[in-house]
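I have placed the structure first, in the form of structure tokens, so that the comments after it can refer back to it.
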Amino acid sequence: MIIFVYALALSAPSALTETHQSDIACVATLATLAERQRLGTAPSDMPNVGQSGKRWAGIVGSRITEQSGQPRELVAVAMAEAAKAEFQRPSDPATINKCAMQMSQELATADFSDQPLPKPVTSK
């Protein structure tokens, strides 16, 4: 019985941390920018985040799901609700740039980790 309770405690979802909530807010910020770019209402000096933002949202969602134990659907709903709320606010260029930089760094890390290892150099 004690082992069952311990196993259940290990698998119980935890609340989203401040970092998770910040990541969700950044995904929402960039999703809003992507939608405004699609509609042609975004400032022209903002980075184009349509395709890369989708990929990054998947990375962030997977990370939050894994770290928190929350169901993927719940994390997706949290992202969608945050994006709806963000779309009602005026764009903040500083926040957009901060989130775009975070996204670029995490995508570069993901690209680097997906690369095959270099072939070993053999001595002659």
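When all heavy atoms are compared, the tightest approach of I59 to A110 is CD1-CB, 3.9 Å. Residues A83 and A31 come closest through the heavy atom pair CB-CB, 4.4 Å. Residue S91 comes nearest to I96 through the heavy atom pair CB-CD1, 3.9 Å, listed as atom of the first residue, atom of the second, then distance. Listed here is the closest heavy atom pair of T65 and R72: OG1-CA, 3.7 Å. Contact detail for P90 and R36: the closest heavy-atom pair is C-NH1, 4.3 Å. Residues M103 and S52 share a closest heavy-atom pair of CE-OG, 3.4 Å.
Contact check for L30 versus C26: no side-chain heavy atoms found under the 4.5 Å cut-off.
Note: the hydrophobic cluster containing L16 also contains V60 (ILVMFWY, side chain heavy atoms under 4.5 Å, direct or indirect links). Both M46 and L107 belong to a common hydrophobic cluster when Ile, Leu, Val, Met, Phe, Trp and Tyr are linked at side-chain heavy-atom distances under 4.5 angstrom. Hydrophobic clustering (side-chain heavy atoms under 4.5 Å, transitive across Ile, Leu, Val, Met, Phe, Trp, Tyr) keeps V49 apart from F87.
Separation of atoms CD (Q37) and CD (E35) is listed at 10.0 Å; rounding is to 0.5 Å. Rounded to the nearest 0.5 angstrom, N48 CG and L33 CG are separated by 8.0 Å. Rounded to the nearest 0.5 angstrom, E86 CD and T29 OG1 are separated by 4.0 Å. Here the CZ atom belonging to R63 is positioned 7.5 Å from the CH2 atom belonging to W56, to the nearest 0.5 angstrom.
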I'd like to know whether D111 forms a salt bridge (Lys or Arg N to Asp or Glu O under 4.0 Å) with R55, so could you lay out the CA-CA distance, the side-chain angles of the two residues, the decisive distance to 0.1 Å, and finally the verdict. CA-CA 11 Å; D111 288 343; R55 182 171 167 235; 2.6 Å; yes
Are M101 and K98 close enough, and set up right, to give a side chain to side chain contact (heavy atoms under 4.5 Å, CB included), and what steps lead you there? CA-CA 5 Å; M101 183 174 292; K98 177 186 79 78; 5.9 Å; no
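For the pair N97 (side chain) and C99 (backbone), a donor-acceptor distance under 3.5 Å is absent. No donor-acceptor pair under 3.5 Å is formed between the side chain of Q70 and the backbone N or O of I64.
Counted by atom type alone, R89 and T32 present zero donor-acceptor pairs between their side chains at under 3.5 Å.
By the 6.0 Å contact criterion, CD on Q67 is enclosed, its count of non-hydrogen atoms from other residues, nucleotides or ligands being greater than 12.
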